[in-house]
Structure formats: structure tokens, C-alpha cells
S.K.: 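A single structure is presented below for examination.
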Amino acid sequence: MSFFVTDIWVIPALPLLAFLLNILVLRPFFDLSNRDKGHAAEAAAAHGAQGHGANTAAGHDEAHGNVGDPEQHDIGHAEASPDDAYVRALDTLDGHIDTPAAIPRALRTAEKTPGGYALVQLVEDAEQHPHHPHGSPTIWARINGYMGILFMGLAFLWSLGLLVALMQNPALQRGETVPIYTWISVAGLRYPIDFYVDSLTAIMLVIVTAISLLVQFYSQAYIEGEEPRGYSRFFAWLSIFSLSMLLLVLSSNFLLIYMGWELVGLSSYLLIGFLAKDAAKPEAGRPSPGAAALKAFVVNRVGDFGFLIGILILFTATGTFVFTDIPARLGPINLALLTVAMILVFCGAVGKSAQFPLHVWLPDAMEGPTPVSALIHAAKMVAAGVYLVARTFPLFHLAGPQALTVVAYIGGFTAIFAASIALVQIDVKRILAYSTISQLGYMFVGLGVADTIGPGIFHLMTHAFFKALLFLGSGGVLLAVSMNQDMRKMGGLATRIPLVAFPFLLATLSISGFPFFAGFFSKDEIIAQTWEHGDYILYAMTLATAFLTAFYMFRLWFLTFGGKGGKFGGLWGGEYRGTVAVKKPDFRVWLPLMILAVPSVFAGFWGWSSVGGNFNAFITGHPLTPAFANPFTSPLTIFGVGASLLGIALAWGMYGLQVVPRNVFVSNPLGRGFATVLWNKYYIDEIYLAFVRYVVMGLSKVASFFIDRRIIDGIINGAGSGVVAFGRGLRRSESGRLQNYGAAIFGGTLVIAAVFFAVVYFGK
Amino acid sequence: MLLSLNSFLVLGALLFCIGLFGALSKRNAVSVLMGIEIMLNAVNITLVAFSSAFQKSAHGARLTGQIFAVFIITVAAAEASVALATIIAVYRRRNSVDVTDINLMKW
Amino acid sequence: MDLASIVFLVFAAILVGSALAVVTLRNIVHAALFLVLVFGAAAGIYILLNAEFIAIVQILVYAGAVTILILFSIMLTQNPNSRSSNPLNRQALIAAGIAALLCAGIIFALSQNGAIAGSASQAVTANVGNAVNIGTLLYSPTTYSYVLPFEIATLVLLVAIVGAIVIGREEE
């Protein structure tokens with residue numbers, strides 16, 4: 001056995017080491033202590049606010065909120081005015097201006113508030129005395145970043161080695177348990193912390209480490225532009241995010257996978273809420289990052305609850321958490337019970353992979369920095385749900401057919417549902433978010449209908465590459481236009497930032513299912529599978545989704561990079577509608593995009609039998625497994641390609657050439673109404689909010705009033721007053737008179753005698 | 001047989017309970033003391049009766065009960081002297097020997 | 001019924017009757033005088049039990065010393081002629097109940113108990129050895145004896161005397 005397999009622990013150990021070195025050594029002892037404290041104190045003194053001088057620069061990196069920036073307070077107090085609106089404006093400003101990049105953000109937010117004029121004055125003031133002249137990370141923070149990248153690079157190389165080793169040895173592809181550590185071993189119960197390596201693991205490892213590596217590389221530029229003070233912290237969270245995902249992927253049992261599962265939830269919470277100082281932007285329909293992080297965490301809890309119950313059912317039935325042991329130990333298990341357990345396990349996947357009822361967290365998770373979005377969407381969090389279903393696929397097969405049907409239909413519905421929402425959004429990142437939900441739906445359809453996990457995982461792989469590229473590309477766009485996410489203020493960017501635009505176009509073609517691109521092969525295989533298994537409803541759903549995907553992705557492309565007046569009929573460049581000057585991103589941004597473009601285009605060939613690709617055989621570990629059907633020999637492919645090309649053509653016509661009027665769908669009342677529903681995301685958030693507000697809170701109030709106040713409080717208060725009354729009574733017995741005590745002594749003697757008598761005479 | 005051990009024990013019990021009643025129910029401290037003296041005498045009678053009933057043993061005369069009685073009498077004398085001195089002291093201070101007025105034995 | 005039984009009954013009747021008088025009489029001086037009768041009758045019972053040494057000590061200590069002490073303290077504390085010098089308190093009824101029940105319990109237990117064999121009527125060999133035996137048992141330095149408890153008892157007496165003087169002393 002290859003040492004890549006036996007020493008598999010190296011892969012998660014590397015990000016763990018990076019995390020520990022970062023958070024325990026480099027950040028506290030070098031980064032924080034080397035920040036420029038002198039300037040803050042000096043500035044405070046200059047503004048006559050010595051009282052705030054104690055706030056060190058290190059201190060308020062940690063302080064999310066309006067805690068102590070000396071200069072910020074100076075601005076406020078120097079020009080205090082009784083004007084109410086002015087004070088409110090101050091409150092808005094307070095705590096949001098922290099970085100130079102944040103000033104325009106805060107200004108944009110505050111302009112809408114009363115007293116905006118005073119605020120503008122204040123901001124100008126702040127710009128004249130910029131309080132972050134060293135608004136760039138310290139050298140040690142950069143070293144933290146380099147270290148994270150280096151370690152992740154090593155992990156990537158190891159994963160690559162593992163993949164190659166597995167490709168050469170089909171025996172290894174079928175799975176090997178690598179013992180690491182036995183957590184508990186008592187009386188026949190053994191809870192191992194073991195890793196399990198098979199081809200699925202290898203694929204996931206390569207995806208996770210590759211995407212993480214590129215995202216970390218890219219984050220250097222992005223975080224420097226958005227939140228330089230959190231540089232070290234960001235890389236620490238990235239490392240722990242990678243660690244948790246790797247643990248999840250490597251685990252051989254439900255116990256460990258649940259641990260990784262929750263760690264992924266935690267680290268995504270930390271990363272989504274990374275810009276916690278930012279405020280909500282209700283006018284753009286965007287929550288604050290803190291609220292978004294909380295939402296992601298809470299919504300995931302709902303799914304995890306089902307997952308946990310599913311795990312416990314399986315454990316009760318078999319007495320083991322180990323995936324490979326469960327089928328053998330199931331015995332004559334109740335089929336219905338197993339089906340229910342697997343559907344509950346799928347609940348967890350629904351939460352993590354943002355499928356239909358629990359998808360609401362993912363669009364809001366866009367409030368995190370864009371590299372985080374790329375990680376969550378491509379390789380980490382959402383892939384975890386698909387991976388879970390793939391990993392427990394044998395169990396799904398053992399269960400009743402209902403289990404996989406549920407998986408397939410939830411996936412199919414989510415695919416078309418999310419794609420329809422994406423049609424009308426104007427926020428770049430949100431469109432990508434809905435497209436992720438939609439594509440994950442494809443993966444679940446693939447898992448649900450096919451006989452192997454091949455099609456689903458194949459799509460997971462190709463999707464990981466092109467979706468990471470799309471997100472990193474959109475991050476490049478945001479950097480170029482100063483973090484404006486509104487597509488109406490973009491346009492024609494292709495000629496201005498060609499190095500971002502070119503790979504982005506490739507990824508857009510890939511996700512749209514343009515022939516010979518990676519997305520084409522994986523998506524077409526899934527669509528073909530639905531037809532093959534006679535599931536025509538799912539076939540119609542996936543086909544429609546393919547059309548919608550092509551349309552909204554090219555709508556995104558034309559609105560952002562193309563437009564009227566561009567080359568090739570508006571495809572490349574055109575009119576720029578924004579006001580901010582476009583900045584060209586440096587190589588740290590476009591290099592990862594270029595690298596990702598390669599697999600985004602070519603990864604599909606692994607599943608193309610014409611060039612000898614047999615992904616299915618690799619993933620199942622049996623070389624004789626038939627490859628995916630060659631899409632170019634099947635007449636059905638015409639429909640798939642046709643749907644995709646139709647979508648592209650329609651988008652081109654509407655937004656590129658502008659020959660089709662843009663209000664063609666919304667000119668009639670029905671279309672307008674439907675567009676409103678889509679714009680409001682089918683009101684799912686509102687429904688949930690109403691549910692929580694009226695049903696949950698209502699029940700809580702009822703429970704509070706009747707159960708809590710009457711019964712619980714009654715018991716508690718009754719116990720209390722009972723004790724008090726008893727004590728009051730008891731106090732009377734303590735009269736202080738010796739004769740009373742004497743009577744009690746002899747009365748007690750009598751009682752003892754009576755008890756003794758009763759025991760002796762009736763106890764016989 | 002009238003002069004059995006039980007007769008003396010019953011006598012002791014009667015006396016003890018009469019003394020107990022006196023000790024528990026009298027207001028006058030001296031009277032309480034008199035009740036206690038009766039109780040002590042009852043115990044003495046019991047001890048001497050046991051001593052008399054079991055005086056034959058392998059080791060000859062067994063007079064432990066009587067020795068106990070001697071000690072009880074000694075201690076009772078000491079107790080009486082101290083108690084009466086206390087009563088007089090209390091009387092001097094409070095001008096009363098009513099024990100129901102003396103209720104400091106709490107907390 | 002032999003003479004001893006008659007003597008026992010007489011003494012027992014005197015004992016119980018005068019003890020009841022002690023606890024029931026309203027005049028405390030009368031009560032104190034009946035107490036002397038209790039002590040005397042108890043001495044008679046001791047003689048009946050062949051414990052003449054105890055009987056003599058009883059007469060000396062109780063009927064002599066303790067009675068005098070009690071009478072003196074009665075004299076010092078209140079008007080000896082008061083008719084209600086010896087009232088009952090409020091829990092007298094409860095105390096009576098407790099005492100009666102206790103007495104009934106003890107007598108019931110005695111009536112049930114067959115384990116205590118032997119008889120108090122078995123007369124001790126009529127020799128003068130009773131006081132001698134007690135003396136030996138109390139003071140003998142060589143054989144098994146109660147020398148140490150005896151010495152401690154003397155200390156108790158000493159402390160009691162000193163204590164009584166200190167407590168009863170007129171305050172300046």
C-alpha cells in the first residue's frame with residue numbers, strides 16, 4: 001500500500017498545523033504585537049483625546065462594534081451639534097468606518113439616512129485625517145498567509161499523489177480504512193477515529209485542497225483590499241475551514257463525519273460573519289454579515305437535527321457508526337425504519353447543501369468575503385451534503401426506493417426553483433449563489449436516479465472548478481469596481497479587465513452546458529440518466545433548468561462584462577454604467593482564475609468515453625463498470641444542447657445584441673406578477689419569518705403563559721412558599737423554653753419506641 | 001411473686017414518669033429540680049434492683065449497680081447545689097424563678 | 001404474702017403517693033416536705049434490696065443535704081406561704097400525656113420481656129460484707145476497682161462547690 005494512503009493523516013494535519021501556528025504563535029506574538037500603536041496614540045494626542053489613547057490598534061481589530069477608535073470619537077465630539085438627525089447620522093457612522101475601503105461603504109449607507117449631509121462632512125473630515133495610514137497587513141500577517149498557502153499546497157500535492165496512487169491501483173479505489181486513533185474502547189464498544197480512503201475520498205481531497213489553495217492565494221489580494229486588519233484572522237479561519245472539510249471527507253464513521261460536519265458549520269459561521277462590522281443594506285436586500293452568519297448556522301441546525309436523529313437510529317439498529325460495518329450488521333432491519341433513517345440523514349445534506357426548504361441561508365451567506373463564498377460554494381460546505389449522500393450511498397440503496405426518490409425530487413425541484421429565482425436578481429454574487437443551489441440540485445438528481453455515485457460526483461467535481469472560478473471572478477469584478485455588487489452599475493468590463501473576463505467566460509460556458517466544456521459532460525450525463533430511468537418529470541425539470549441556467553448565466557455575463565456596443569455583438573466589452581473607476585486587479589487575482597479555467601474546460605473529458613475517460617469506473621473501483629454514455633452518439637443530447645444554446649441565444653438577444661426587447665416577459669401583468677414573486681424569492685424568507693413570528697413566538701407565548709407561569713412557576717413558588725411556611729411553623733417549636741425541649745425529647749423517645757414496636761411486632 | 005425484679009422496675013418506671021411530669025410541667029424552677037430529683041431516685045432504684053437481682057455471678061458479688069447509684073447520688077448532689085445556686089442568681093437578677101419566662105435557649 | 005412483700009408494698013405506696021404529691025401540690029413547701037418522704041421511702045426500698053450502704057447514703061445526702069438546699073432556695077426565692085407558689089405551665093397536659101405513655105410503654109415492655117431472669121427477692125447472704133464489698137470495689141488499689149471514677153467524682157464535687165459559690169455569690 002502506498003504511503004500516500006497509510007500516512008493520510010498528513011493532509012488534515014497540515015491545515016491544522018497552519019491554524020495552530022497562526023492563532024497561537026504568529027498572530028498573538030508577531031502580528032498583533034507589531035501593529036503600529038504609536039500612530040494611534042499620537043493621533044489621539046493631537047486631537048486632544050488622551051482618554052482614548054489606551055486603545056491600541058491591536059485592541060480594536062478584535063472589537064466588532066463601535067468600541068474604541070480614538071479618532072472616530074474625536075470626529076464625533078469635536079463638532080457636536082444638537083441636531084437630532086445629525087446625532088443619528090453619527091450613530092450610523094460610528095463603528096462602520098474602520099478601513100479606508102469601508103468609508104465609501106459607510107457613506108453609501110449613511111447617505112440614505114436623515115442628516116446625510118452632516119455625515120458627508122464627517123467623512124470628508126475622516127479622509128483628511130485618515131486613521132489607517134498603515135491600512136495594510138503587517139509583514140507577519142502576510143507570513144501567516146504564506147504559511148497557510150504553503151501548507152495547503154503541500155496538502156494538495158499529497159492529495160494529488162494519493163489520486164495518482166489510486167488511479168494506478170484499482171484495489172485501493174474500493175476503499176481502505178486507515179486506523180488513526182481509538183477514541184473509546186470499552187466492553188465491546190469501540191469508537192474509532194479512523195480515516196477511510198477510496199476513490200471518492202481521493203476526488204474530494206483533490207477538489208478541496210486545490211480549491212482551498214487557489215482561494216487562499218487569491219485571498220491575499222482580496223482581504224488586503226477589504227479588511228486588512230483581519231488578515232491573519234482570515235487565514236486562520238480558512239485553515240480551520242479546510243481542516244474541518246478534510247476531516248469530514250476522510251472520516252470512516254458517522255461520529256467523525258458529524259464532528260467534521262459541525263466544524264464546517266462553525267468555520268463557515270466565522271467566515272460568513274468575517275466582516276461583522278458592516279451594517280445591513282436593506283435597500284439592496286442584504287442583511288448584515290453577522291445576521292447572515294447566524295442565519296446560516298441556525299438553518300443548518302434544522303437539518304443537522306434530522307441528521308443526528310438519523311445517525312442515532314442507525315446506531316441503535318446496528319451498534320456501530322462505521323459506514324462499512326453498518327450494512328453487514330443491519331440484519332433483518334425494518335426496511336421502513338432504514339428508509340426513514342436515510343431520509344433523516346438526507347435532511348442534514350439538505351441543510352448543508354442548501355436544498356429546497358433549507359436553502360435560505362446560502363444567498364445571505366454572500367455577505368462573507370467573496371473568497372469565502374467561493375470556498376463554501378465550490379468545495380467545502382455545500383459539497384459536504386452531496387458527499388454525505390455519496391458516502392452513504394450503499395445504505396440508500398439498501399433502504400426502500402423512497403429514500404433515493406426523495407433525494408432526486410428534492411434535488412430536481414430545487415434545481416428549477418433556484419434557477420428561476422436567479423433569473424431576475426441583479427446582485428452578481430446572489431445570482432451565483434442561486435446557481436449553486438440549482439447545480440447542487442442537479443447533483444442530488446444524479447445521486448438519486450443513477451445506479452452509481454458517478455454522475456453526481458462527476459458533476460460535483462466539474463462544478464467545484466467552474467463555480468470556484470465564477471466566484472473568484474466575481475470577486476475580481478468587485479475589486480475592480482470597489483465592492484459594488486449591483487450589476488446595473490457594471491457592464492462592458494471585459495475590455496477593461498480582460499484577464500478576469502476571459503476565464504470567467506469559459507466558466508460561464510461550462511456551467512451553461514456548452515458542448516465540450518466540463519459542465520456539458522457532467523450535466524448531460526445527469527439529464528440522460530433521468531431519461532434512462534424513465535423519470536420523465538425529472539427529465540423535464542433538469543432540461544428546463546439547463547435552459548434557465550444558460551439564460552441567467554449569460555444574462556450575468558452580458559450585464560457585467562458585455563453589453564451594447566461591445567465586440568462580437570455585445571459579447572466582449574461595451575458600455576460601462578458605473579461611476580467608480582475600474583481598477584485592474586493584480587496577478588494574485590487573475591492567476592488562480594487562469595489555473596481554474598483549465599479544469600473548468602477540460603475536466604469533463606474524464607467522463608467522455610470517446611477520449612477514453614471512464615470516471616464511473618474510477619469512482620466505483622471496478623474497471624469493468626461501463627463509462628458514461630457518449631453524449632455525441634445519443635440523440636437526446638440534442639435537447640440538452642438545444643436548451644443550453646437557446647438560453648444563451650435568448651440572453652444574447654436581450655442583453656448583448658438587444659434585439660429582443662427586455663420587457664418581453666414582464667410587459668404583461670402575469671409576467672410582471674411572476675417576476676415580482678421571483679424577485680422576492682417566492683417569499684420563502686417572509687414565510688419563515690411569519691412562521692417564526694406568529695407560530696413559534698405565539699406558541700412560546702402560550703407556553704410561557706400557561707405552562708411556564710402557571711405550572712412551572714407554580715411548582716417553584718409553591719416549593720418556596722412551602723419551605724417558608726414550614727420554617728415559620730418550625731420556628732414556633734423553638735420557643736427557647738427548656739421544658740418544651742424536654743417534652744420534645746421524650747415525645748421523640750415515644751415516637752421511636754412506637755416505630756420500634758411497630759417494626760418488631762408487625763415486621764415479623 | 002411480688003418481690004421479683006419486675007416489681008422494682010415498675011416502681012422505678014412509675015417514679016421516673018412522675019418525676020418527668022414534674023420536670024416538664026412546673027413553672028417554678030425549684031419544683032422542676034424536685035422533679036429531676038425524683039427521676040434520679042427512680043433510676044437509682046432501678047440500678048440497685050438490677051444489682052440485687054444479678055449479684056450472683058462467677059466472679060462473686062456484683063455490685064456495679066450500687067456503685068453506679070453512689071456516683072449518681074454524688075453527681076446529683078453536685079447538680080443540686082449548682083442548680084440551686086443558679087436559681088438564686090436568676091432570682092436576684094429577674095426577681096422570678098418562673099422557667100417559662102426564661103426563653104433564651106434559641107437561635 | 002410474706003412480710004417482705006408487705007413492706008415493699010407499703011414503701012412503694014408511700015413512694016408513689018408522695019411523689020405524686022410533690023408534683024401536684026400547689027404549695028411548694030409542702031411539695032418539698034413530701035420530697036423528703038420520697039427520699040426516705042426510697043431508702044427503705046434500698047434496704048429491702050439489701051443495699052444498706054446506698055440506703056444510708058441516700059438518707060445522708062438526699063434527705064439531709066439536698067432537702068436542706070431545696071428548702072433554703074425556696075426560702076430565698078419567694079414567699080413560702082403563697083398558695084400558688086407551685087403552678088403548672090401550659091404544656092402540663094401534654095407532659096402528663098407523655099409521662100403516662102412513657103410509663104405505659106416501659107411497663108408494657110417489661111411485661112413482654114422474659115429475657116430478664118432472676119429475682120430481686122433472692123436475699124443476699126446476710127453478712128456485713130455489703131459495705132465492705134462496695135468499699136473494696138470503690139477504693140481497692142490492687143484489684144479491679146472504681147478508684148479513678150471515684151477521684152473524678154470528687155473533682156466534680158469540688159467544681160460544683162466552687163461553681164455554686166461563684167454563681168450564687170452576691171454581685172457587687
Side-chain angles (χ1 to χ4, degrees), chain B residues 1-11 13-15 17-22 24-28 30-31 33-35 37-38 41 44-45 48-49 51-56 61 63 66-67 69-71 73-82 84-89 91-92 97 100, chain C residues 4-5 8 12 15-16 19-20 22-23 28 31-32 35 38 42 45-46 49-51 54 57-58 61 65-66 69-70 73-74 76-78 85-89 91-92 95-96 99 102-103 106-107 110 116 118-121 124 133-134 137-138 146 149 153 156-157 160-161 163-164 167-168:
Chain B
M1 193 172 162
L2 198 56
L3 285 189
S4 67
L5 174 61
N6 270 3
S7 316
F8 291 93
L9 295 184
V10 169
L11 177 65
L14 277 172
L15 272 184
C17 292
I18 291 167
L20 176 64
F21 169 71
L24 292 184
S25 66
K26 291 293 182 180
R27 282 176 183 269
N28 194 317
V30 181
S31 200
L33 194 65
M34 293 199 291
E37 296 295 350
I38 293 174
N41 266 287
N44 272 351
I45 288 172
V48 174
S51 164
S52 188
F54 299 111
Q55 58 181 303
K56 288 277 172 57
L63 296 169
Q66 295 195 24
I67 301 285
V70 169
F71 280 118
I73 290 168
T74 316
V75 173
E79 168 250 330
S81 63
V82 175
L84 290 170
T86 311
I87 287 167
I88 288 166
Y91 180 75
R92 250 193 233 122
V97 284
T100 51
Chain C
S5 296
F8 171 74
L15 254 179
V16 174
L20 280 172
V22 169
V23 296
I28 194 162
L35 189 62
V38 171
I45 294 289
Y46 294 150
L49 284 165
N50 291 318
I54 304 294
V57 171
Q58 168 88 0
V61 175
V66 173
L69 267 177
I70 284 172
S73 47
I74 289 170
L76 284 171
T77 52
Q78 62 205 16
S85 56
N86 192 14
L88 294 172
N89 62 12
Q91 64 163 2
L102 198 63
C103 188
I106 294 171
I107 290 170
L110 288 175
I116 300 174
S119 161
S121 67
V124 183
N133 284 341
I134 289 177
L137 206 49
L138 271 180
Y146 288 88
V156 169
L157 275 177
I161 291 163
I167 292 168

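Labels below follow one simple rule: chain letters A, B, ... track the order of the sequence lines, proteins then strands, and each chain is numbered from 1.
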S.K.: Looking at B:L20, B:I45, B:V10, which has the largest count of heavy-atom pairs under 4.5 Å with chain C?
M.R.: B:I45

S.K.: Closest approach of C:L69 and B:A80, non-hydrogen atoms and distance?
M.R.: CD1-C, 4.3 Å

S.K.: What pairs with C:A153 under side chain to side chain contact (heavy atoms under 4.5 Å, CB included), at least two apart in sequence or on another chain?
M.R.: B:F71, B:T74

S.K.: Provide the closest heavy-atom pair for B:G22 versus C:V23 in the form atom of the first, atom of the second, distance.
M.R.: CA-CG1, 3.5 Å

S.K.: Could you check whether any side-chain heavy atom of C:L88 comes within less than 4.5 Å of a side-chain heavy atom of B:K26, counting everything from C-beta outward?
M.R.: yes

S.K.: Looking at CZ of B:R92 and CG of C:L76, how far apart are the two atoms once the value is rounded to the nearest 0.5 Å?
M.R.: 8.0 Å

S.K.: As an exercise: rank C:I106, C:I54, C:L102 by heavy-atom pairs under 4.5 Å with chain B and give me the winner.
M.R.: C:I54

S.K.: Could you pull out the closest heavy-atom pair between C:C103 and B:L14, with the gap in Å?
M.R.: SG-CD2, 3.6 Å

S.K.: Please rank C:I107, C:I161, C:I70 by heavy-atom pairs under 4.5 Å with chain B and give me the top one.
M.R.: C:I70

S.K.: Checking C:A65 against chain B: side chain, backbone, both or neither under 4.5 Å from a heavy atom?
M.R.: neither

S.K.: About how many Å separate CG of B:N41 and CD1 of C:I45, when rounded to the nearest 0.5 Å?
M.R.: 11.0 Å

S.K.: If I compare all heavy atoms of B:M34 with all of C:A32, which pair ends up nearest, and what's the gap?
M.R.: SD-CA, 3.7 Å

S.K.: Between C:L49 and B:F8, is any pair of side-chain heavy atoms under 4.5 Å apart?
M.R.: yes

S.K.: Is any side-chain heavy atom of B:L11 closer than 4.5 Å to a side-chain heavy atom of C:F8?
M.R.: yes

S.K.: Could you give the distance from CG (B:L84) to CD1 (C:I167), rounded to the nearest 0.5 Å?
M.R.: 11.0 Å

S.K.: Starting at CD1 of B:I38, measure out to CG of C:L35 and round the result to the nearest 0.5 Å.
M.R.: 5.5 Å

S.K.: Give the member of C:V156, C:V38, C:L138 that has the highest number of heavy-atom pairs under 4.5 Å with chain B.
M.R.: C:L138

S.K.: Locate the shortest heavy-atom distance separating C:Q91 from B:L24; write the atom from each residue and the value.
M.R.: NE2-O, 3.1 Å

S.K.: Quick one: what part of C:V16 sits under 4.5 Å from any heavy atom of chain B, side chain, backbone, both or neither?
M.R.: both

S.K.: Taking all non-hydrogen atoms of both residues, which atom of C:V61 and which atom of B:A77 are closest, and how far apart?
M.R.: CG1-CB, 3.8 Å

S.K.: What part of B:T100 is in contact with chain C, defined as an atom under 4.5 angstrom from a non-hydrogen atom: side chain, backbone, both or neither?
M.R.: side chain

